[in-house]
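What follows is a single structure, written as structure tokens, with notes after it.
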Amino acid sequence: MLEMRRYVQGVAAWCCCMVLLHGVAAWVAAAEVSRLGLWEAASKHAALPVAVGLARSSARFLRPGRLLHPSRTALASAVKTFIMIDDRFGATDWHPMSYDNSIAFLGPAGTYSNEAALRFAARLGIEEPRLVECTSFDEVFDCVDDGVTRFGVVGKENSLEGPVTATLDNFAFRTDAVILAEEVINVSHCLVAHPDAELDTIVRVASHPQGIAQCRRFLATELPGRTTLAVSSTAESARLAAADPTCAGISNALAAELHGAKVLCRNIQDNPENQTAFALVGRLPDAELISGDRHKTSLALFLRADKPGALQMILSEFTYADINLTMLQSRPTKKQLGDYMFFVELDGSIHDFDVQTALDCLRLKLREVKVLGSYPVE
Ligand SMILES: O=C(O)C(=O)C[C@]1(C(=O)O)C=C[C@@H](O)C=C1
């Protein structure tokens, strides 16, 4: 009986603590709002996140696990009302352009990007796409941003070399285009050369920097001492090789055939499992053009300040929402040495409840959460 009474007293004391904690949280928020005014308090992120943080941690204690999501979302949405956020996926001020079926890609004909562009065209149901050749991924983004083409194709990640940084930087700092779909291409490189060339007449090997990096071991063992030359694409290297017996290229067999080069060696990449994921980029109103069963979401996350535990805080929101991350990459903000932002790719759609919850919570803590796309994967 005595034990029972102690237990009841314990529970009552615990409840009082929780009520007190919520009271303090509300009081802090109210004091800050009355001191600064609602808008300033919210935009300074001073009182409200503190209140939310306290309320969340006590609520976490009250209702552990996934049961907590409704209260997390309610809190996050309540605060979201007062804080300016970059949520282009919720934006409404979008003006449709006059559309055609054009796709910008890294040329010339025969690149892996070309192959990806044709696959995307098939998924879009475009029978005869108008393919616009570009000399870099920057130019592909420019085509989409300036309305020169409706779609663009850019490399996103390679299984041997990792994320394509030129693409990430465009997404973080330059473009408003979004990822509409992803396509994975098997990359099987050949050493291609002038019809009269042999291995020992080659003095230079040209290719896209990714192509050269993916064949490092082959070049060191089969063509030691040869210089390498970075060119705009693998197919461009085939074109160069076809015109110069001393310069080989690294491309696929189709590019060699299209540009008049011959194949000297096949499958020269350092790992037979070489794949590159390409992104179809376009404007937001086209976000639902391609549908699928499985989705990925890509984000660029900008910190308010560099401080201990910042990355752990980001990761814990995903862990808490039970979301699997498929890519994590830090990149310099280009403002000062040591200042970094993060790219995250996760399993799930922006429309999933768990994903929305995690994003709402991150928006309270970060300077910017930029959604780069929520798209079907094959
Ligand atoms: O040069 C090409 O063929 C491209 O499409 C570019 C690219 C890349 O950006 O990674 C695509 C696939 C290979 O990984 C090598 C180069």
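All ligand and atom numbering here is 1-based and tracks the order in the structure. In this text, all values refer to a predicted model and were calculated from it rather than measured experimentally.
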query = Does the side chain of N170 come under 3.5 Å of the side chain of T175 through a donor N or O and an acceptor N or O?
reply = no
As a test of reading the model: which N/O atoms of the protein lie under 3.5 Å from N/O atoms of ligand 1, and at what distance?
from: ligand 1; atom 1: 1 (O); to: T234; atom 2: N; distance (Å): 2.8
from: ligand 1; atom 1: 1 (O); to: T234; atom 2: OG1; distance (Å): 3.3
from: ligand 1; atom 1: 3 (O); to: Y112; atom 2: N; distance (Å): 3.0
from: ligand 1; atom 1: 3 (O); to: T234; atom 2: OG1; distance (Å): 2.5
from: ligand 1; atom 1: 5 (O); to: S113; atom 2: N; distance (Å): 2.9
from: ligand 1; atom 1: 5 (O); to: S113; atom 2: OG; distance (Å): 2.6
from: ligand 1; atom 1: 14 (O); to: Q214; atom 2: NE2; distance (Å): 3.0
from: ligand 1; atom 1: 14 (O); to: T276; atom 2: OG1; distance (Å): 2.9

ask   = Between S298 and Y375, is any side-chain donor less than 3.5 angstrom from a side-chain acceptor?
value = yes
query = In Å and rounded to the nearest 0.5 Å, what is the CD1 to CG distance from I268 to L219?
reply = 6.0 Å
query = Which atom names give the shortest non-hydrogen contact between Q329 and P163, and what distance separates them?
reply = OE1-CG, 3.3 Å
message = By the definition side chain to side chain donor-acceptor pair (under 3.5 Å), identify the one residue from N274, T234, N271 that meets it with Q214.
response = N274
request  = Name the orientation class of the two ring planes belonging to F141 and F171 (parallel below 30°, tilted from 30 to 60°, perpendicular beyond 60°).
outcome  = perpendicular
